[in-house]
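Whatever order the structure lists ligands and atoms in, that order sets their numbers, starting from 1. Each residue takes its place number in the sequence, starting with 1.
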Amino acid sequence: MARKDDCIFCKIVAGDIPSDVVYEDDRVLAFRDVNPMMPTHVLVIPKEHYDNIADGVSDEDMVAVMRAVGEVARIEGICESGFRMLSNTNDDARQSVHHLHVHVLGGAPMNDGDPSVQ
Ligand code: 5GP
Ligand code: ZN
């Protein structure tokens with residue numbers, strides 16, 4: 001498994017930093033965000049290190065990550081109510097951890113700046 005020494009998510013994959021794991025398979029780890037923005041806020045990452053979604057991700061890892069997003073949503077019980085997945089990439093999107101990750105967000109209505117939604 002390719003690993004970057006200074007990458008905190010590689011350290012989480014290796015078990016050097018603890019995480020609250022929601023789902024795991026041979027290619028993917030999904031764990032709760034340490035600073036949740038929503039009742040459900042899970043990060044889905046490939047165990048292999050890629051800087052971001054545009055960093056030559058293998059077909060196998062791409063499929064595994066996307067499948068895991070669905071698994072996480074099922075585990076969290078947010079398929080029917082709805083959820084959002086997003087992946088910030090580089091500076092303009094304010095990516096802060098440069099190991100590909102997909103945020104899975106849900107568990108409450110998102111107001112998206114609409115004051116009529118709580
Ligand atoms: P980004 O800003 O790169 O899209 O998202 C990085 C996310 O990783 C942030 O939401 C941040 O809260 C989360 N995060 C950063 N360090 C850790 C950590 O050590 N453990 C966990 N569980 N989440 C982390
Ligand atoms: Zn990494």
Side-chain angles (χ1 to χ4, degrees):
M1 205 68 70
R3 192 176 158 187
K4 243 180 130 187
D5 285 343
D6 60 345
C7 172
I8 51 173
F9 285 179
C10 282
K11 290 188 173 125
I12 285 175
V13 170
D16 297 343
I17 295 175
S19 65
D20 186 354
V21 173
V22 174
Y23 171 82
E24 181 172 14
D25 63 34
D26 55 342
R27 291 185 175 274
V28 171
L29 188 68
F31 53 94
R32 295 192 193 285
D33 196 294
V34 77
N35 182 26
M37 312 294 279
M38 293 288 289
T40 289
H41 188 169
V42 174
L43 303 173
V44 178
I45 71 170
K47 291 183 174 177
E48 184 90 21
H49 181 96
Y50 303 95
D51 288 349
N52 56 56
I53 198 80
D55 184 25
V57 182
S58 74
D59 289 354
E60 292 82 1
D61 281 337
M62 195 70 89
V63 168
V65 167
M66 288 299 118
R67 281 196 192 287
V69 168
E71 283 301 320
V72 166
R74 273 187 282 281
I75 290 164
E76 292 292 298
I78 56 174
C79 289
E80 293 297 320
S81 52
F83 66 95
R84 182 173 290 168
M85 63 177 205
L86 67 91
S87 188
N88 297 319
T89 302
N90 284 335
D91 293 351
D92 282 358
R94 298 197 195 155
Q95 182 182 8
S96 61
V97 178
H98 292 267
H99 178 129
L100 170 60
H101 53 281
V102 176
H103 297 256
V104 180
L105 298 153
M110 294 174 207
N111 70 22
D112 288 337
D114 178 348
S116 70
V117 179
Q118 288 299 310

Shortest non-hydrogen pair, Ile8 vs Ile17, comes out as O-CD1, 3.9 Å
Closest non-hydrogen contact found for Gly107 with Ile78 is N-CG2, 3.9 Å
Query - More than 12 heavy atoms of other groups within 6.0 Å of Asp20 CG - result: yes
* Please indicate whether Met38 has more than 12 foreign heavy atoms, meaning atoms of other residues, nucleotides or ligands, lying under 6.0 Å from its CE. => yes
Rounded to 10°, the SG/Cys10 to the Zn ion (ligand 2) to SG/Cys7 angle comes out at 120°
Quiz prompt | Whether Lys47 side chain and Asp25 backbone form a donor-acceptor pair below 3.5 Å | solution = yes
Do any N or O atoms from the side chain of Lys11 and from the backbone of Asp5 form a donor-acceptor pair under 3.5 angstrom?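 The answer is yes, because a donor-acceptor pair under 3.5 Å joins these two groups.
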Which option out of [options] puts a heavy atom nearest to [atom]?
atom                    : options                    : result
atom 16 (N) of ligand 1 : Ile8, Asn52, Leu105        : Ile8
atom 10 (O) of ligand 1 : Asp20, Ile12, Val21, Asp33 : Asp33
atom 5 (O) of ligand 1  : His41, Arg94, His101       : His101

Measure the distance from atom 17 (C) of ligand 1 to every protein heavy atom, then report the residue, atom name and distance (to 0.1 Å) of the closest one.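 Here the closest protein heavy atom is Val34 CG1, 3.8 Å.
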query = With a 4.0 Å cut-off on heavy atoms, does Met37 reach ligand 1?
reply =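 Checking ligand 1 against Met37, which is what was asked, there is no heavy-atom contact under 4.0 Å.
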For [X], atoms of ligand 1 separated by under 4.0 Å from a heavy atom:
X     : answer
Asn35 : 12 (O)
Ser96 : 1 (P), 2 (O), 3 (O), 5 (O), 6 (C)
Phe31 : 21 (C), 22 (N)
Gln95 : 3 (O)

For His99, the N, O or S atom at the shortest distance from the Zn ion (ligand 2) is ND1
The atom of His49 among N, O or S that is nearest the Zn ion (ligand 2) is ND1
Review point. Near the Zn ion (ligand 2), is there an N/O/S atom from His98 that is less than 2.8 Å away?
Key: no
Is there a nitrogen or oxygen of Phe9 sitting under 3.5 Å from a nitrogen or oxygen of ligand 1?
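No, Phe9 has no N/O under 3.5 Å of an N/O on ligand 1.
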Applying a strict under-4.5 Å side-chain criterion to I, L, V, M, F, W and Y, I'd like to know whether Met62 and Val102 cluster together.
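Different clusters: Met62 never reaches Val102 through Ile, Leu, Val, Met, Phe, Trp or Tyr contacts under 4.5 Å.
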Report task. Following the transitive rule for hydrophobic clusters with a side-chain heavy-atom cut-off under 4.5 Å over Ile, Leu, Val, Met, Phe, Trp and Tyr, establish whether Val69 and Val42 coincide in one cluster. Result -> yes
Note: Arg32, heavy atoms under 4.0 Å from ligand 1, region reported as backbone
*Aromatic ring proximity, centroids under 6.0 angstrom, His99 and His101*: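 Ring-ring flag for His101/His99: false, centres at least 6.0 Å apart.
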*asked:* Which residue in the set Phe31, Phe83, Tyr23 passes side chain to side chain contact (heavy atoms under 4.5 Å, CB included) when paired with Val72?
replied: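 One option only clears the test, and that one is Tyr23.
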